[in-house]
Amino acid sequence: MAKVTLPDGKTREYPDGTTVREVAESIGKRLAKDAVVGEVDGKPVDLFHKLSGDVKLRLITQQMPESLFHLRHSVAHVMAQAVLRLFPRTKLAIGPPIEDGFYYDMDPEKPFTPEDLEKIEAEMKKVVEADYPCTRADVLRTEAVERCLKEHQDYKVEMLGEWTDEKVSFYTQGDFTDLCRGPHIASTGRIPAFKLLRATGAYWRGDEKNKQLQRLYGTAWWSKEELEQYLHRVEEAKKRDHRKLGKELDLFSIHEEIGGGLVHWHPRGSMIRHVIEEEWNREHVKRGYLMVNTPHIASEEIYKISGHLENYKDLMYGAMLIEDRPFRVKPMNCPGHIMIYKTHLHSYRELPMRLAELGTVYRFEKSGVLHGMLRVRGFTIDDAHIFVTPKSVEQEIIDVFRFAVEWLAKFGFKDLAIYLSTRPEKSVGAAEDWERTQKALKHALDTAGVKYEVDEGGGAFYGPKIDVKVRDSLGREWQCSTVQFDFNLPSEKRFDLAYVGEDGNRQQPYMVHRALMGSLERFFGVLIEHYGGAFPVWLAATQATVIPIADAHIPYANEIAARLREAGFRADLDARNERTGHKIREATLLKTPYMLVVGEKEVAAKQVAVRERAGKDLGTMGIDRFEEILKEDVRKRT
RNA sequence: GCUGGCGUAGCUCAGUCGGCAGAGCACCUCCUUGGUAAGGAGGAGGUCGUGGGUUCAAAUCCCAUCGCCAGCUCCA
C-alpha cells in the first residue's frame with residue numbers, strides 16, 4: 001500500500017504503483033485537469049510517477065507560479081524537437097527554464113537567422129498539435145553515453161561523463177528524445193501559448209575559451225492572454241529605457257566622434273546630477289566623511305605599488321609619456337586617497353577616517369559590453385575609503401551599510417538584490433582578518449534585517465564584500481552600492497598603511513572601499529528607468545514651467561519665474577509664440593511636475609493656475625501657496 | 001572581444017523589381033495673441049554610417065570597416 005499524505009495533513013491510502021495523476025483524479029476532476037507535475041517528499045515528479053510506501057505528495061497546478069517553470073522546461077524540449085526536425089545535424093547542449101521563459105543552447109551547422117526562428121516556431125506548433133505524450137526511461141549512465149555517442153550528441157556525452165549518478169533518465173515525446181532529469185508536463189498538447197524571442201550566441205559552459213553555441217530564447221504561458229500581457233509588459237518596459245528617455249527628455253548623449261561609453265550630460269541631466277551631488281555632499285559631511293579631490297592621471301609608479309598594473313592592466317588605458325615618464329589615466333581612486341592618508345602618521349583616536357570623493361575614473365571596457373549610461377568607459381564613482389581599527393570595524397560596517405540603504409530609499413529603491421561575497425580560493429590577507437570582516441559584513445546585513453544571498457567564494461582576491469544591485473526596466477540587475485574590504489593595499493608589500501595604537505605601537509588599519517551609487521552614470525541611468533523619466537519634484541531639472549497665454553502676459557509670467565528661482569526653485573518661462581495647449585503638451589512630454597498658466601485673470605488677481613504633469617488641475621492660487629506646495633514636495637521627496 | 005540583427009534629415013521612420021531622396025515632428029521666416037496635450041502658410045535641411053566592388057545606372061546587390069541593438073563573457 002502507498003500511504004499518501006497531502007499538504008492539508010490528510011492521509012489517503014492507495015495500492016502500490018498508483019500514479020500521481022490517479023491520486024489527483026481520486027481527489028477531484030478539476031485538480032486532475034490542472035495538475036502539471038507532482039512533488040513527492042519535496043522532489044518534483046511526473047504525473048505518471050508511481051507511488052509506493054509512506055510519501056508526502058503535493059500537486060503542482062497551473063495556478064501555482066512554479067508550474068510555469070515546468071511548462072517552460074517542456075517547451076524548451078519542444079523547441080529542440082522542432083530544431084532537430086528542421087536542422088537534423090544540430091547538437092544539443094542545455095535547455096533550462098529561466099525567469100519569464102526558457103532557452104536552449106545548441107550547436108547547429110549554421111547560426112540561426114530570424115527567418116529560422118519563424119520556421120522553428122511553426123514546427124513547434126505542429127508538435128503541440130500532435131499532442132505527443134511525454135514518457136520517461138531510466139537507463140544506466142553507461143548506456144546513456146553509448147546512445148548519445150551514436151547520435152553524435154557530443155555535449156550530452158561530455159555532461160554524462162561528469163555526472164556520477166548510476167542511472168540517468170531520457171524523456172521522449174514523439175520522434176524526439178532528450179537526456180533530462182525531468183519532470184515534464186504530461187503531453188505536448190498541454191502547451192497553450194509560447195513565442196520564440198531571439199537567437200544569440202552563448203559560450204558552452206559560459207566560458208569564452210569554449211566554442212560559441214547558439215542560444216534560442218523563448219517564453220511560454222498557461223494562456224494566450226498571459227502571453228500577450230507579458231509581451232505588452234516588455235513593450236512598456238522598453239518605453240522606460242534610459243537611452244530612449246535620455247534622448248526624449250534631453251538628458252544626455254554619447255557621440256561616435258568622441259567615443260563609445262563617454263557620456264555627455266546635457267543641461268537637464270546635469271541639473272539633476274547637481275541635485276544628487278549636493279545631497280550626497282550634505283549626507284557625507286553629516287556622517288563625518290572628509291572630502292578630498294585627487295588628480296585624473298598618475299605616474300605608473302603608483303599603479304606598480306598598488307598592483308593595478310599587475311592585476312588590472314586589461315582595464316587600464318595605455319601609458320602616455322610625460323618628460324619620458326609613463327603616466328596613466330586613473331582607473332581607481334584608492335591610490336590617491338591612500339597617499340593623502342599617508343601624509344601623516346595617524347593615531348587610533350582619529351579612526352575611522354573616511355575620505356570621500358566623487359572621483360572620475362576611466363576604464364577600458366570591451367565594445368560589446370557598453371550599454372547607454374549603465375556600462376561606460378568614463379564614470380564618476382561616489383567613492384570613499386575608510387581606514388578603521390579592527391576594534392571599531394563592526395560598528396563602522398553597520399553604519400556604512402545603513403547609509404547605503406537609506407540613500408537608495410531616498411530615491412525610492414526598496415526592492416534591492418543584496419549579495420555577500422566571501423573568501424575565494426586565491427586570496428591575500430590573514431585568515432583571521434577574513435573571518436572577522438566577513439562576520440562584520442554579515443552582522444551589518446542581519447542588523448539591517450534585509451534579505452541577502454551569500455556568494456561563497458565570490459569575493460575579490462583582496463577582501464570580502466557586500467554588493468547591492470538595482471534592476472533596470474527590463475529586469476536586468478546592475479551593481480550600485482558596494483562595501484569592500486581590502487587586505488591588499490594596506491599591506492607591507494603595497495602601501496604599508498599604519499596607525500599608532502593605544503599601546504603606542506604601529507598597527508595596520510583595515511581599509512574599506514565603498515560606493516553608495518556605484519557611479520553617477522549608472523545610478524542616473526537606473527534612476528531614469530525607475531521613475532520612467534518623471535522625476536520627483538526634488539530632482540526634476542525643471543520643477544515648474546510658467547506659461548503665459550498671450551504676449552501681454554509675458555512680463556507677469558517672467559516675474560513669477562524669477563520669483564520662484566529667487567526662492568531656490570527651478571522654474572522656466574515658455575514665452576514662445578505658441579498656443580497654450582501646445583506649450584502644455586510639450587511641458588507634459590518633458591514630464592515637468594508643474595505648469596503655471598497665467599492669463600488676464602491671473603495677472604489681475606496676482607495668481608497662477610496650477611496644472612500637474614499627470615493632467616490634474618489644482619486651480620488658481622497665490623504664488624506663496626504654490627511655493628508651499630513645492631516646498632512640501634521637496635521635503636517629502638515626491 | 002564573440003554570435004546574430006540594424007545604420008536614410010536634429011528626432012521618429014517610409015522608400016516596391018537596381019532607374020530623379022520622402023513624410024511627420026523639431027528648426028527658420030511670416031501671419032495669428034490664442035485659456036489647459038499639436039493654430040496656419042512658407043522655407044531651409046541628406047555624400048542614404050564609411051571605404052571599395054558589380055552595373056549604363058546602387059539607399060537598394062557583393063566585400064570590408066566603424067557604430068548601435070540583443071545575448072554571451074567581463075564589470076561600477
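Bear in mind the structure is a predicted one, so any value in this text is a computation, not a measurement. Naming convention: chains lettered A, B, ... in sequence-line order (proteins, then strands); numbering from 1 in each chain.
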Go through RNA chain B and write down every stem, that is, every run of at least three consecutive Watson-Crick or G-U wobble pairs with distances under 3.5 Å, as range with range.
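RNA chain B stems, ordered by first number: B:1-7 with B:66-72, B:10-13 with B:22-25, B:27-31 with B:39-43, B:49-53 with B:61-65.
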
In terms of side-chain geometry, is the basic nitrogen of A/R205 or A/E158 positioned less than 4.0 Å from the acidic oxygen of its partner?
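Result for this pair is yes, salt bridge flagged.
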
Just checking [X] against [Y], ring centres under 6.0 Å apart?
{"X": "A/F102", "Y": "A/Y217", "answer": "no"}
{"X": "A/W478", "Y": "A/H371", "answer": "yes"}
{"X": "A/W204", "Y": "A/Y155", "answer": "yes"}
{"X": "A/W265", "Y": "A/F524", "answer": "yes"}
{"X": "A/F487", "Y": "A/Y462", "answer": "no"}
{"X": "A/H530", "Y": "A/F411", "answer": "no"}
{"X": "A/F403", "Y": "A/H284", "answer": "yes"}

Indicate for each nucleotide in nucleotides 70-76 of chain B, in 5' to 3' sequence, whether protein heavy atoms under 4.0 Å reach the base (B), only the sugar-phosphate (S), or nothing (-).
BBBBBBB

When rounded to the nearest Å, what value does the distance between [atom1] atoms of [N] and [M] take?
{"N": "B/G1", "M": "B/C61", "atom1": "P", "value": "26 Å"}
{"N": "B/G7", "M": "B/C75", "atom1": "P", "value": "34 Å"}
{"N": "B/A21", "M": "B/U50", "atom1": "P", "value": "16 Å"}
{"N": "B/G5", "M": "B/C11", "atom1": "C1'", "value": "22 Å"}
{"N": "B/G18", "M": "B/A26", "atom1": "P", "value": "37 Å"}
{"N": "B/G45", "M": "B/G22", "atom1": "C1'", "value": "13 Å"}
{"N": "B/C62", "M": "B/U16", "atom1": "P", "value": "15 Å"}
{"N": "B/A37", "M": "B/A64", "atom1": "C1'", "value": "48 Å"}

Whole-Å distance separating the [atom1] atom of [X] from the [atom2] atom of [N]:
{"X": "A/K110", "N": "B/U3", "atom1": "NZ", "atom2": "P", "answer": "16 Å"}
{"X": "A/R585", "N": "B/C25", "atom1": "CZ", "atom2": "P", "answer": "10 Å"}
{"X": "A/N577", "N": "B/C27", "atom1": "CG", "atom2": "P", "answer": "12 Å"}
{"X": "A/D617", "N": "B/A37", "atom1": "CG", "atom2": "P", "answer": "10 Å"}
{"X": "A/I584", "N": "B/U36", "atom1": "CD1", "atom2": "P", "answer": "7 Å"}
{"X": "A/K247", "N": "B/C68", "atom1": "NZ", "atom2": "P", "answer": "12 Å"}
{"X": "A/L216", "N": "B/U3", "atom1": "CG", "atom2": "P", "answer": "17 Å"}
{"X": "A/Q607", "N": "B/G35", "atom1": "CD", "atom2": "P", "answer": "19 Å"}

Which of these passes side chain to side chain donor-acceptor pair (under 3.5 Å) with A/E529: A/K244, A/R240, A/H242?
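Only one of A/K244, A/R240, A/H242 forms a side chain to side chain donor-acceptor pair (under 3.5 Å) with A/E529, namely A/H242.
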
Heavy atom of residues 541-557 of chain A under 4.0 Å from RNA chain B: which residues?
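Nucleic-acid contacts, sorted: A/I549, A/A550, A/D551.
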
What residues form a ring-ring contact (aromatic ring centres under 6.0 Å, His included) with A/H77, not counting sequence neighbours?
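Listed in chain order: A/H73, A/F176, A/H184.
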
Looking only at heavy atoms, what is the nearest atom pair of A/L196 and A/M79, with distance?
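Taking A/L196 first and A/M79 second, the nearest heavy atoms are CD2-SD, 3.4 Å.
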
Need one value for [X]: base, sugar-phosphate or nothing, where a base atom within 4.0 Å counts as base even if backbone is also close, heavy atoms only.
{"X": "A/A587", "result": "nothing"}
{"X": "A/E115", "result": "nothing"}
{"X": "A/Q214", "result": "sugar-phosphate"}
{"X": "A/G260", "result": "sugar-phosphate"}

Under 3.5 Å, which donor-acceptor pairs link side chains of residues 253-262 of chain A to any protein atom two or more places apart or in another chain?
| from | atom 1 | to | atom 2 | distance (Å) |
| --- | --- | --- | --- | --- |
| A/S253 | OG | A/H255 | NE2 | 2.7 |
| A/S253 | OG | A/H266 | NE2 | 2.6 |

Nearest to side-chain heavy atoms of [X], which nucleotide of [options]:
{"X": "A/H582", "options": "B/G67, B/G34, B/A26", "value": "B/A26"}
{"X": "A/P114", "options": "B/A26, B/C31, B/G5", "value": "B/G5"}
{"X": "A/E586", "options": "B/A37, B/A26, B/G35", "value": "B/A26"}

What pairs of donor and acceptor atoms, side-chain ones from residues 589-604 of chain A against any protein atom, are under 3.5 angstrom apart with sequence neighbours left out?
| from | atom 1 | to | atom 2 | distance (Å) |
| --- | --- | --- | --- | --- |
| A/T592 | OG1 | A/A587 | O | 3.3 |
| A/Y594 | OH | A/D633 | OD2 | 2.5 |
| A/E602 | OE1 | A/G599 | N | 2.9 |

